[in-house]
Engineer: 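Quick one: the structure is below, questions incoming.
Worth saying up front: this structure is predicted, and the values here are computed from it rather than measured. Protein chains get the first letters and strands the later ones, always in sequence-line order, with residue 1 at the start of each.
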There are 2 protein chains.
Amino acid sequence: MTSDNSSPTVVGVDFGTLSARAVVVRAGDGVELGTGIGEYRNGAIERTLPDSGQPLPADWALQDPADWRAALGTCVREAIRDSGVDPASVVGIGTDFTACTVLPVLRDGTPLCEIPGLRARPHAWPKLWKHHAAQAQADRITALAHERGEKWISRYGGRISSEWQFAKALQLLEEDEDTYRRTERWIEAADWIIWQLCGAETRNTCTAGYKGIYQDGAYPSLEYLSALHPEFGDFAQTRLAGVPLSPLGARAGTLTAAAAALTGLPEGIAVAVGNVDAHVTAPAARAIAPGQMLAIMGTSTCHVMNGDTLAAVPGICGVVDGGIIAGLFGYEAGQSAVGDIFAWWIGQGVPEAYLAAARERGLSLHEYLSSRCAWQPVGAHGLVALDWMGGNRSILVDHHLSGVIAGMTLATTPEDIYLALLESTAFGTRVIVDAFGAAGLPVTEFVVAGGLKRNRMLLQIYADVLRRPVSVATSDQAPALGSAIHAAVAAGVHADVASAAEAMGRKEQAVFTPDPERADAYDELFEEYRTLHDYFSGRGPDANDVLHRLRQRRNAATAAKARADRG
Amino acid sequence: MTSDNSSPTVVGVDFGTLSARAVVVRAGDGVELGTGIGEYRNGAIERTLPDSGQPLPADWALQDPADWRAALGTCVREAIRDSGVDPASVVGIGTDFTACTVLPVLRDGTPLCEIPGLRARPHAWPKLWKHHAAQAQADRITALAHERGEKWISRYGGRISSEWQFAKALQLLEEDEDTYRRTERWIEAADWIIWQLCGAETRNTCTAGYKGIYQDGAYPSLEYLSALHPEFGDFAQTRLAGVPLSPLGARAGTLTAAAAALTGLPEGIAVAVGNVDAHVTAPAARAIAPGQMLAIMGTSTCHVMNGDTLAAVPGICGVVDGGIIAGLFGYEAGQSAVGDIFAWWIGQGVPEAYLAAARERGLSLHEYLSSRCAWQPVGAHGLVALDWMGGNRSILVDHHLSGVIAGMTLATTPEDIYLALLESTAFGTRVIVDAFGAAGLPVTEFVVAGGLKRNRMLLQIYADVLRRPVSVATSDQAPALGSAIHAAVAAGVHADVASAAEAMGRKEQAVFTPDPERADAYDELFEEYRTLHDYFSGRGPDANDVLHRLRQRRNAATAAKARADRG
């Protein structure tokens, strides 16, 4: 990449689960000039706490805020070096984060885990998005909301996730009251990192809405929260509220001297408000107009799409006013497992001859299996599968469902099943796309970012199954580019996120278009999928709740075995 | 084995798909003294004819009668040598054969394929049991029987198999009229081999009933056969009938000089009438009383059981008066694929680490996977599967069904699925056992012969799922021992097959008994199986015919691809 030191530049930083990635971007046209990466020393903390060695219970996942600070300095400095631009050309910085990753802090932003006396307390640490130990609290939050008829529950597909702010906070209160009492603020990492950059607490509309149950101008009421736990009543008022919510693309403040020293960027440049990794990608992939659904496809898939109107879409993760871009309703949906399902199948093993052939040809097993089924006419494998090996996020919102494969014969090959699993995730996406359409939010273009965007066979299947053009985000660092776009808006280079996306975002338009004959065949196969989907959902009088019963039996049998092994 | 040259001995020969096995047995008590094997030089002929190289169409499977003769000589001589007995001690010989394996011969028993001018004609050769190219004829035979209300069709689960005598003969007529016209007799290999031994044509009640639609004293009528094809009207009258049917255990005749020269046995000894490999095993495993179901478990499973009464059991392969033993109604049922399903799963591949561990420990992959799931409490894998990867023989009689596996999560392992497949075949057996019970033929003991009798984990699962004791045939050559038992009866050593079985048959009684707790858990899992069984059968208003549609789509897509590749 050639650099042009006369143009203003911006920096975007994407905080992932194991590392942060920075990109230096020309603010005018979005050309990427350099990238950098900063690994987290402690990564995802799932077994024991750093320093104290304190062991963690099952399903816990924490992070170390010191890692975020250190990675920020490392990746920004490396990106600047890689770009060759003069740091003085940088006019703004934006960031995005995994969510809901949330931490207890003092009123000045100090993480509780950095207070010496609290360092050995698990609840003083940031809880990572995949901390799944607050399910009991989430279940009570959901049940009570329905019981009391809380209006906001419908904005979340009828179910509050154990991953979100309230479930994690209630777990803190119920399991470590003392640490809860010392928690002065409960803040998303997405907002906390901005606090470190500009020295002032801000909160963004995106995480407040999707992860903090902020709807129609308010958090859940004192009455509702008191009914959950007597001491929880003022939680939102004291630990969340108190600062105005900032729209995405707004300026949170300017870079402090300390943050300038950490990053090597000029003091006083614009700092954009925080954002979430999936949502921030929409402008980078030019997928912000209503009808443009962005799918970030990797181990799982997150779908985000803007709408002009507030509609009830069954089974979505959430709808938030200004959740993706100010002025539109941002919808989020998801598939719990996508790439994970393909990897699961590979993990069952392949024939030895396949291993040898793949090695000889220098192909991954994914590539080799794909090459073996690429010739197949639609349906030649005789299979249909339900993509629920990781449960179903949208539209059933049921993580106790499990996968099904039907149609195997003695002639069925590993690549047949691999292909059927690829297709099953496309069918799962179509159910979501159809649900949006039925709610008055038609999807006209499907835009893909994330690791699976490189799988051409998969994306052609998606185009055929969805009967829609599939576009592909150009950038390999699309979330970081999205953060840079927000930085450019915060710095005033562009008037708003929409025009910045126009100038700086990039996608290859309609790389894959439906093949009419294959789309017709997939229409019929999708009907089979949909029938099995409804049957195995366990809902309705004609459905079969076998998957839940199998899950209960599995859990009971495994628990009994564990007890027997111990005793 | 020590031999006792003063006792009379008998020889049993089991003609399998690729070889014949002989056993020399002490006629008084059934002690096995020696065994021998004779491989078929041409094996199963599935691609090109011997000598002429004439190519065969898809789904054809033939055999060479010269192989049967040669293997007979080889295996009997080897067994006698192995036993160390004086051939003069042998008082009788009995045989059993795969069925329906059937051939066109002249009136003197000469196979048409041994007539020089006919050697290059595929239809002149014996059609092996697994010749599956007469499906169109079988479908018409079945449809016409229902149309005309033929009473016999109910004796075969409502469906005549493409493997049987009439379908194969009608295919001969319709595809090679000239060879059909030169066919003077159409005879089961089971009876043809007896003809070679004693020089006279005989027919046994077992193959006539199960494979030749001989019911209530008659073959299908001239009117019925004429309606199938004008020239087929006299088929049964001229090519099947004309010799009396002999009950099992009867003497067909005595060993000719030529057969004595071939086998090294004394001329003039008793020759028992022909028999089928599965049915002949019942006395060898002491499973001849009503209620004792014998399962010959290998790649597929064949179930045979005697009953006092003629009952309508849905989905059986056939019921024949004297079909297993004279004086009782012999019932036959089956599962199309059993060991084949386990092998199919192994064939999908296993993780490399499993391959290495199995090799290191000197275990087969079957043994290794079994060792990894042997600890599992019932249901701990969270799975249920339908064992239809090879279609369903009983009780649905539908080879266009296919397999289903439900309940997979990202944590599901190869051994989890392996175990679920073992269980699925036990559930499939329970459906059959329940159908017999519901028809007034309760199964009180389950006796296993065949290769899978050595799989202890599998048989314990069967005991638990069936809630019945599982006994195991002692002999590793149970079909050949059964033939020897019939030889002993034909030779007059024992009064009838029942008393011969008592004296010479052997099983280990109730080796596996149900574990009450596991049986309770399996009762519940079986309910899930049964619900999915009925749903995926495609029958009834609440069922889903998806498996047939997937099969049709597969066949159409594959055929279209083949046409495109050719053109």
Side-chain angles (χ1 to χ4, degrees), chain A residues 336-337 340-341 343-344 347-355 375-384 386 388-391 402-414 417 521 524-525 527-528 531-532 535-536 542 544 546-547 549-558 560-561 564, chain B residues 337 340-341 343-344 347-355 375-386 388-391 402-414 417 521 524-525 527-528 531-532 535-536 542 544 546-547 549-558 560-561 564:
Chain A
S336 312
D340 271 350
I341 295 178
W344 167 77
Q348 299 299 296
V350 298
E352 277 194 276
Y354 287 27
L355 283 173
W375 66 268
Q376 282 205 5
V378 174
H381 50 43
L383 301 170
V384 65
L386 293 180
W388 299 348
M389 286 74 180
S402 47
V404 175
I405 308 177
M408 289 85 83
T409 71
L410 296 174
T412 299
T413 64
I417 293 180
E524 291 177 22
L525 261 187
E527 281 307 306
E528 307 293 359
T531 303
L532 292 178
Y535 178 73
F536 281 108
D542 298 333
N544 182 351
V546 57
L547 298 180
R549 290 190 297 268
L550 288 172
R551 172 71 60 116
Q552 281 162 14
R553 177 178 307 285
R554 184 196 77 170
N555 292 351
T558 308
K561 177 70 165 61
Chain B
D340 271 350
I341 295 178
W344 168 77
Q348 300 297 297
V350 298
E352 277 194 276
Y354 287 26
L355 283 172
W375 66 268
Q376 282 205 6
V378 174
H381 49 43
L383 302 170
V384 65
L386 293 180
W388 299 348
M389 285 74 180
S402 46
V404 176
I405 308 177
M408 290 85 83
T409 72
L410 297 174
T412 299
T413 64
I417 293 179
E524 292 177 23
L525 261 186
E527 282 308 307
E528 306 295 359
T531 303
L532 292 178
Y535 178 73
F536 281 108
D542 297 332
N544 182 351
V546 57
L547 298 180
R549 289 190 298 267
L550 288 172
R551 172 71 60 117
Q552 281 162 15
R553 177 177 308 284
R554 185 197 76 170
N555 292 351
T558 307
K561 176 72 166 60

Engineer: Please work out which of the three classes, parallel, tilted or perpendicular, describes the rings of Y535(B) and Y535(A), given edges at 30° and 60°.
Structural biologist: parallel

Engineer: Which bit of R551(A) comes within less than 4.5 Å of chain B, counting heavy atoms only: side chain, backbone, both or neither?
Structural biologist: side chain

Engineer: Who wins among T558(B), N555(B), D542(B), V546(B) for the most heavy-atom pairs under 4.5 Å with chain A?
Structural biologist: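 Looking at each option in turn, the highest pair count goes to V546(B).
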
Engineer: Quick check on A380(A) against chain B: is it the side chain, the backbone, both or neither that has a heavy atom closer than 4.5 Å?
Structural biologist: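 For A380(A), heavy atoms of backbone and side chain both lie under 4.5 Å from chain B.
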
Engineer: Looking at P377(A) and A557(B), what are the two nearest heavy atoms and their distance?
Structural biologist: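 For P377(A) versus A557(B), the nearest heavy atoms are CG-O, 3.6 Å.
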
Engineer: Which answer fits N544(A), side chain, backbone, both or neither, if we ask what part of it has an atom under 4.5 Å from a heavy atom of chain B?
Structural biologist: side chain

Engineer: If you look at every heavy atom in T409(B) and W344(A), which pair is closest and at what distance?
Structural biologist: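 In terms of heavy atoms, the two residues are closest at O-NE1, 3.3 Å.
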
Engineer: For T413(B), is it the side chain, the backbone, both, or neither that has a heavy atom closer than 4.5 Å to a heavy atom of chain A?
Structural biologist: backbone

Engineer: Non-hydrogen atoms of chain B under 4.5 Å away: do they reach the side chain of F536(A), the backbone, both or neither?
Structural biologist: side chain

Engineer: Among P351(A), A564(A), G347(A), single out the residue with the greatest number of heavy-atom pairs under 4.5 Å to chain B.
Structural biologist: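 So the answer, after comparing P351(A), A564(A), G347(A), is P351(A).
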
Engineer: Name the member of H381(A), M408(A), R554(A) that forms the most heavy-atom pairs with chain B at distances under 4.5 Å.
Structural biologist: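 Winner by heavy-atom pair count: M408(A).
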
Engineer: Give, as side chain, backbone, both or neither, the part of L547(A) having an atom under 4.5 angstrom from any heavy atom of chain B.
Structural biologist: side chain

Engineer: Could you have a look at A385(B), A353(B), A411(B), G379(B) and say which one has the most heavy-atom pairs with chain A under 4.5 angstrom?
Structural biologist: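 Of the candidates given, the most pairs with chain A belong to G379(B).
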
Engineer: Of all the heavy-atom pairs spanning V378(A) and R553(B), show the shortest one and how long it is.
Structural biologist: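 Here V378(A) and R553(B) meet closest at O-CG, 4.3 Å.
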
Engineer: So which heavy atom on L550(B) is nearest to which on L383(A), and how close?
Structural biologist: CD2-O, 3.9 Å

Engineer: What part of L410(A) is in contact with chain B, defined as an atom under 4.5 angstrom from a non-hydrogen atom: side chain, backbone, both or neither?
Structural biologist: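 For L410(A), the contact with chain B is made by backbone and side chain together.
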
Engineer: Below 4.5 Å from any heavy atom of chain A, which atoms of I417(B) appear? Answer side chain, backbone, both or neither.
Structural biologist: side chain

Engineer: Could you check E528(A), E527(A), E524(A) and say which one makes a salt bridge (Lys or Arg N to Asp or Glu O under 4.0 Å) with R549(B)?
Structural biologist: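 Only one of E528(A), E527(A), E524(A) forms a salt bridge (Lys or Arg N to Asp or Glu O under 4.0 Å) with R549(B), namely E528(A).
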
Engineer: Identify which part of L355(B) has an atom lying under 4.5 Å from any heavy atom of chain A, answering side chain, backbone, both or neither.
Structural biologist: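 The side chain, not the backbone.
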
